[in-house]
Colleague: 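Following this message is one structure expressed as structure tokens.
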Amino acid sequence: MKINQNYNTLEKSYLFSRVAEKVAAYKQAHPEAEVISLGIGDVTRPLCRSAVRALISAAEDQGRAETFHGYGPEQGYPFLRRAIREYYGSFGVSVDEEEIFVSDGAKSDIGNILDLFSEENTVLIPDPVYPVYRDTNQMAGRKIVYMRATKENGFLPMPDPAVEADIIYLCSPNNPTGAVYTRRQLQKWVEYAKKRGAVILFDAAYESFIQEKSLPRSIFEIEDAKSCAIEFCSFSKTAGFTGTRCGYTVVPRRLLREGSSLRDMWMRRQSTKFNGVSYPVQKAAAAVLTNEGLAECRENLEVYRRNAKRITDTLDAMGIWHTGGKNSPYIWMECPNNMTSWDFFDDLLSRGAIVGTPGSGFGENGEGFFRLTSFGTEENTAKAMDRLRRLF
Ligand code: PLP
């Protein structure tokens with residue numbers, strides 16, 4: 001037999017495994033140190049009360065023959081798809097329930113969606129960016145073209161008419177840079193995709209962090225995006241579902257390529273390879289989208305916003321260049337004293353017992369930058385900022 005040799009082209013260690021290894025080694029050598037992580041993008045606020053109540057009540061349902069739920073619809077229960085449709089409506093986007101697919105999170109869908117596309121397609125990926133886009137395409141052996149996200153273009157690369165791409169990844173608000181595309185910029189991407197017959201894979205996992213009303217939370221706020229884009233979203237960061245697992249993908253009916261409906265292909269793919277998200281989790285996700293649930297989640301988001309402000313205020317006071325943190329949980333800073341990303345990582349860990357994420361781990365244009373997240377507790381974030389100030 002033959003294995004998929006493309007796996008041998010992947011970088012040996014996934015970014016966060018390397019971070020975890022270095023942190024483990026440091027802790028072993030310094031068991032007394034209180035290490036604070038502002039690194040990996042996991043949340044610290046627990047599920048909101050509405051979600052917990054829904055989980056408990058759904059678990060009770062599962063324990064009674066009259067209310068027991070077995071296999072559910074692969075696309076997600078209508079009660080959740082309706083709630084997601086209404087959520088989109090709350091910021092002026094109209095999507096059809098038949099276009100919404102509930103999943104166990106954005107990461108799986110972002111990887112699985114590639115089943116719909118030929119391996120001969122060329123993929124356009126921003127650099128730096130969430131490494132899953134690159135790795136999933138590398139696993140399939142697709143040709144990848146990178147677009148430079150730099151300080152000069154505000155970490156928001158725009159289409160280059162000379163570049164021929166079939167699949168385009170956009171992540172806004174961006175992980176790791178925190179940059180957010182404006183409507184005009186997304187309009188340009190939609191025009192480019194339409195002209196080329198390309199498909200935009202739009203990752204909106206951090207849309208709920210957008211505070212400025214003028215910034216788009218969904219690519220479907222752009223006219224005609226429904227003929228050229230698929231959107232991925234998640235309850236992970238909005239509602240602390242990183243360990244509970246629920247997300248959704250919107251594949252518009254109008255999205256056709258080579259005479260086929262990508263929405264119908266995705267339905268076929270999901271009903272063949274996926275058996276849906278558990279009933280209690282979907283109940284909890286629907287509870288998040290009630291007025292009460294959304295208000296509770298906003299309180300958690302406020303905690304992260306306060307953390308982000310504390311981090312950016314500290315960097316400002318230290319005269320360190322940074323961006324993000326306003327409409328995003330990520331703060332993207334320049335490493336002090338011209339250090340490389342990994343040198344700064346090692347320095348911060350060894351002298352301050354603070355963990356962040358080296359920018360170069362997200363792509364070569366991330367070299368010299370560093371990602372901090374606002375997902376820590378308020379107490380730890382304050383402590384980490386005190387230490388940072390004393391170090392530099
Ligand atoms: N998309 C981006 C940009 C992310 O940063 C993450 C997680 O960190 C995900 C998707 C994955 O989200 P989920 O937990 O829904 O799989």
Side-chain angles (χ1 to χ4, degrees), residues 14-17 19-20 37-45 47 51 76 80 84 87 100-114 125-137 149 155-157 168-181 200-210 217-219 229-250 270 274 276-278 281-282 284-285 288-289 297 300-301 304 308 324-325 327-332 356-357 359 361-363 366 371-376:
Y14 184 64
L15 169 64
F16 294 108
S17 329
V19 168
S37 177
L38 302 179
I40 200 159
D42 204 351
V43 295
T44 49
R45 300 293 306 153
L47 293 184
L80 179 53
I84 294 168
Y87 178 66
I100 299 168
F101 293 79
V102 174
S103 73
D104 64 345
K107 191 187 203 175
S108 344
D109 280 4
I110 288 166
N112 295 335
I113 200 79
L114 294 173
I125 299 181
D127 170 347
V129 89
Y130 183 51
V132 171
Y133 313 152
R134 179 198 62 211
D135 288 357
T136 49
N137 279 288
F155 297 98
L156 293 168
I168 303 159
Y169 285 84
L170 298 179
C171 178
S172 177
N174 188 271
N175 177 9
T177 68
V180 186
Y181 278 111
I200 296 173
L201 302 181
F202 191 79
D203 188 342
Y206 298 97
E207 58 78 23
S208 60
F209 287 82
I210 293 181
R217 290 172 64 169
S218 161
I219 190 150
I230 294 174
E231 179 158 292
F232 304 90
C233 208
S234 171
F235 290 93
S236 281
K237 310 299 161 82
T238 306
F241 270 51
T242 50
T244 306
R245 310 301 308 143
C246 197
Y248 47 95
T249 291
V250 178
Q270 290 298 76
F274 182 62
V277 176
S278 81
V281 167
Q282 292 197 57
V288 161
L289 297 179
C297 289
N300 287 336
L301 293 177
Y304 300 139
N327 298 292
S328 149
Y330 295 119
I331 295 97
W332 183 245
T357 312
F362 298 98
R371 191 192 77 174
L372 296 174
T373 91
S374 62
F375 286 130

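Remember, it's 1-based here, ligands and their atoms both numbered in the order they're listed. Throughout, residue positions are numbered sequentially from 1 according to the sequence presented.
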Colleague: Hey, could you give me the CZ/CD1 distance between R371 and I40, rounded to the nearest 0.5 Å?
Modeller: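 Interatomic distance, R371 CZ to I40 CD1, rounded to 0.5 Å: 8.0 Å.
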Colleague: So is D203 touching ligand 1 or not, going by heavy atoms under 4.0 Å?
Modeller: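 Under 4.0 Å: yes for D203.
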Colleague: When you measure from atom 12 (O) of ligand 1 to every protein heavy atom, which one gives the shortest distance, and what is it?
Modeller: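 Answer, as residue, atom name and distance: A106 CB, 3.9 Å.
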Colleague: Looking only at atom types and distance, does a side-chain atom of Y206 sit under 3.5 Å from a main-chain N or O of N327, one as donor and one as acceptor?
Modeller: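 Side chain of Y206 to backbone of N327, a donor-acceptor pair under 3.5 Å: no, none is there.
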Colleague: Return the closest protein heavy atom for atom 7 (C) of ligand 1 as residue, atom name and distance.
Modeller: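 Closest protein heavy atom to atom 7 (C) of ligand 1: K237 NZ, 3.3 Å.
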Colleague: With a cut-off of 4.0 Å, which atoms of ligand 1 are near a heavy atom of K107?
Modeller: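 In order of number, 11 (C), 13 (P), 16 (O).
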Colleague: Any side-chain donor-acceptor pair under 3.5 Å between N112 and S108?
Modeller: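 Not at all, the side chains of N112 and S108 share no donor-acceptor pair under 3.5 Å.
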Colleague: Give the residue and atom name of whichever protein heavy atom lies nearest to atom 14 (O) of ligand 1, and the separation in Å to one decimal.
Modeller: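 The closest one turns out to be S236 OG, 2.6 Å.
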Colleague: Looking only at non-hydrogen atoms, find the nearest pair between C246 and A285 and report the distance.
Modeller: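 Minimum heavy-atom separation between C246 and A285: SG-CB, 3.9 Å.
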Colleague: Using a strict 4.0 Å cut-off to heavy atoms of G105, name the atoms of ligand 1 that fall inside it.
Modeller: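 This gives 15 (O), 16 (O) as the contact atoms.
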Colleague: Mark up the atoms of ligand 1 that fall under 4.0 Å of a heavy atom belonging to S234, in ascending order.
Modeller: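 Every atom of ligand 1 under 4.0 Å from some heavy atom of S234: 13 (P), 15 (O).
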Colleague: Under a plain distance cut-off of 3.5 Å, with no hydrogens placed, do E231 and S218 share a side-chain donor-acceptor pair?
Modeller: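 Yes, side-chain donor-acceptor contact under 3.5 Å.
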Colleague: Let's go through F232 and Y248 carefully: what are the C-alpha distance in whole Å and the side-chain angles of both, what is the deciding distance for ring-ring contact (aromatic ring centres under 6.0 Å, His included) to 0.1 Å, and is it a yes or a no?
Modeller: CA-CA 6 Å; F232 304 90; Y248 47 95; over 10 Å; no
Colleague: Using heavy-atom distances, let me know which of Y248, Y130, F241, Y206 sits nearest atom 10 (C) of ligand 1.
Modeller: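 Considering heavy atoms of Y248, Y130, F241, Y206, the nearest to atom 10 (C) of ligand 1 sits in Y130.
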Colleague: Which label fits Y133 and Y169: parallel for a plane angle under 30°, tilted from 30 to 60°, or perpendicular past 60°?
Modeller: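 It falls in the parallel class, under 30°.
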Colleague: Has C171 got any heavy atom lying under 4.0 angstrom from an atom of ligand 1?
Modeller: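 It does, in that a heavy atom of C171 comes within the 4.0 Å cut-off of ligand 1.
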